Amino acid sequence: MNTTIKQAKQHLNEEVTIGAWLTNKRSSGKIAFLQLRDGTGFMQGVVVKNNVSEEVFQLAKDITQETSLYVTGEITEDYRSDLGYEMQVKSIEVIAEAHDYPITPKDHGTEFLMDHRHLWLRSKKQHAVMKIRNEIIRATYEFFNDNDFTKIDPPILTASAPEGTSELFHTKYFDEDAFLSQSGQLYMEAAAMAHGRVFSFGPTFRAEKSKTRRHLIEFWMIEPEMAFCNHQQSLEIQEQYVAHVVQSVLKNCKLDLKALDRDTTNLEKVTTPFPRITYDDAVEFLKEQGFDDIEWGEDFGAPHETAIANHYDLPVFITNYPTKIKPFYMQPNPDNEDTVLCADLIAPEGYGEIIGGSERINDLSLLEQRIDEHQLDAESYSYYLDLRRYGSVPHSGFGLGLERTVAWLTGVEHVRETSPFPRLLNRLYP
Ligand code: 4AD
Ligand code: MG
């Protein structure tokens, strides 16, 4: 019977064969412990000298790290392992030997590991990070499908800049100029006028020369957009969505969180509603905390965000930023026209902004004025203006950065470990 490490629990006390790789081993004169992985999980295989042929025992002692194998044996309960079971190995068939595998159980430097990212992905922690990333994606589709959102895919090659022109990746589009998408938002606004509630999930690109633990050049964003939805209603959707994702990861990724030694105390507290603080109050709060460098009208940096986040156990919305530090499309705040109806959601534990969102300007002449003020080329936004020409409605939306969310939930320090093949300032390989 062929099975997998994950499915093996259905075969307790039965003999099965599993295709696997050897990650590590320990042996003495009488017994060998093989650490096996097969993509679905990590399991120990026990080879007892007296129970197998001399050849099999010798092979167990000689197999090298990352050699691929078929192992056959009985699945038995083992209370000491996280998995709850192990294999009493009877026979081993080598598929392909691996010699001098570069990533050994000793410590390696980050640059070395990043150069070997294609192999590093096999290690237990990196495997757990990708599993949690996958669960976030699964829970995202679940949440938006259950709430009557339609998935719409915006283009990657675009002619305009939604988030300001300084961070665009330029490319030629035959004889025209084109840019890799920074955000699908403007197209999602068009889609919301056709489908009401929509969401996208795709790669976005920022030619940002930032070398921080939160910035990638290429990252994946989930961008919901909702017609007939004001800013407050959008915040409610955002907190419900984030809480759903956190609860799904806690429920479905227990072994992965354990593999990462993630302390889940704070994650377990994540229930709605999330606290909200206005930008104005945040500036006052920071001044009280001794940040002399912050003035009203300036954007917050990572230390400011972390100070605000540390004040709460939950993710926190910072609302109503100054108009002049936000993109052109945000709806003015009727209570203070120097600010806009927007919010950034700051994750706890120093993981920074995971969502940026706002209500969108729905008045044609105001939007035209803003495009003008931001010195954008009105012609390339003509389709976007059409949305205000033909049955404009109040609408709001937001973008959640997948990798920053993975970093927060897994507890990894740097976003480079949250993407299978991260594109960084100085890294296009592998
Ligand atoms: O705040 P941002 O730039 O917002 C937008 O792009 C809006 N158009 C979204 C919308 O309203 N539809 O980006 C949204 C999120 C950030 O909160 C962050 O989580 C992530 O995208 N993000 C990055 N993640 C990794 N590396 C980068 N360089 C990122 N830039 C933004
Ligand atoms: Mg932002």
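The figures here come from the full heavy-atom set of this structure, side chains too, leaving out hydrogens, waters and symmetry mates. Just follow the structure's listing: the first ligand is 1, and inside any ligand the first atom is 1. Bear in mind the structure is a predicted one, so any value in this text is a computation, not a measurement.
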Open item on the list: Q185 versus ligand 1: do any nitrogen or oxygen atoms come within less than 3.5 Å of each other?
Closed with: yes
Open item on the list: For F219, which part has a heavy atom under 4.0 Å from ligand 1: side chain, backbone, both, or neither?
Closed with: side chain
Task: Whether R276 side chain and T319 backbone form a donor-acceptor pair below 3.5 Å - done: no
TODO: State whether R427 and D115 are salt-bridged, where the test is any N-O pair (Lys NZ or Arg NE/NH1/NH2 against Asp/Glu carboxylate O) under 4.0 Å.
DONE: yes
Task: Main-chain N/O of R360 paired with S358 side-chain donor or acceptor, under 3.5 Å - done: no
Task: Side chain, backbone, both or neither: E353 near ligand 1, heavy atoms under 4.0 Å - done: both
TODO: Provide the number and element of each atom of ligand 1 under 4.0 Å from a heavy atom of Y329.
DONE: 7 (C), 8 (N)
Task: Nearest-option assignment for atom 13 (O) of ligand 1, heavy atoms, candidates R206, Q182, M188 - done: R206
Open item on the list: L216 versus ligand 1: do any nitrogen or oxygen atoms come within less than 3.5 Å of each other?
Closed with: yes
- [ ] Using atom types as modelled and distance alone, determine if a side-chain donor or acceptor of R423 lies under 3.5 Å from a backbone N or O of L428.
- [x] yes
Open item on the list: Show the atoms of ligand 1 that are less than 4.0 angstrom away from any heavy atom in R214.
Closed with: 25 (C), 26 (N)
Task: For R360, the ligand 1 atoms whose distance to one of its heavy atoms is below 4.0 Å - done: 10 (C), 11 (O), 12 (N)
TODO: Give yes if a backbone or side-chain nitrogen or oxygen of G401 is under 3.5 Å from a nitrogen or oxygen of ligand 1, and no if not.
DONE: yes
Task: Nearest non-hydrogen partners of Y241 and I222, listed with the distance - done: OH-CD1, 3.5 Å
Open item on the list: Set out, in order, the CA-CA distance, both residues' side-chain angles and the distance that settles side-chain contact (heavy atoms from CB on, under 4.5 Å) for K124 and R37, then state yes or no.
Closed with: CA-CA 9 Å; K124 195 170 183 175; R37 60 170 193 89; over 6 Å; no
Task: ligand 1 N/O within reach of H215 N/O, cut-off under 3.5 Å - done: no
TODO: Provide the number and element of each atom of ligand 1 under 4.0 Å from a heavy atom of G356.
DONE: 1 (O), 9 (C), 10 (C), 11 (O), 17 (O)
Open item on the list: Determine whether a donor-acceptor pair (N or O, by modelled atom type, separation under 3.5 Å) exists between the side chain of S183 and the backbone of Q185.
Closed with: yes
Open item on the list: Has E359 got a side-chain atom pairing as donor or acceptor with H231's backbone, closer than 3.5 angstrom?
Closed with: yes
Task: Where ligand 1 meets S183 - atom numbers and elements under 4.0 angstrom, heavy-atom basis - done: 6 (O), 8 (N)
Task: Protein residue, atom and distance nearest to atom 19 (O) of ligand 1, heavy-atom basis - done: I354 O, 3.0 Å
Open item on the list: Is it the case that the side chain of T418 and the backbone of V406 share a donor-acceptor pair, with hydrogens and angles ignored and the cut-off at 3.5 Å?
Closed with: no
Task: Identity and distance of the protein heavy atom lying nearest atom 7 (C) of ligand 1 - done: E163 OE2, 3.3 Å
Task: Ligand-side contact atoms (ligand 1) for residue partner E208, heavy atom cut-off under 4.0 Å - done: 28 (N)
TODO: Enter the distance from R370:CZ to M330:CE here, rounded to the nearest 0.5 Å.
DONE: 11.5 Å
Open item on the list: Can a donor-acceptor pair be found, under 3.5 Å and without considering hydrogens, that links the side chain of Y85 to the backbone of I5?
Closed with: yes
TODO: Give the atoms of ligand 1, by number and element, whose distance to some non-hydrogen atom of I355 is under 4.0 Å.
DONE: 17 (O)
- [ ] Could you check which N/O/S atom of E353 is closest to the Mg ion (ligand 2)?
- [x] OE2
TODO: Using distance alone, decide if ligand 1 has a nitrogen or oxygen within less than 3.5 Å of any nitrogen or oxygen in L400.
DONE: no
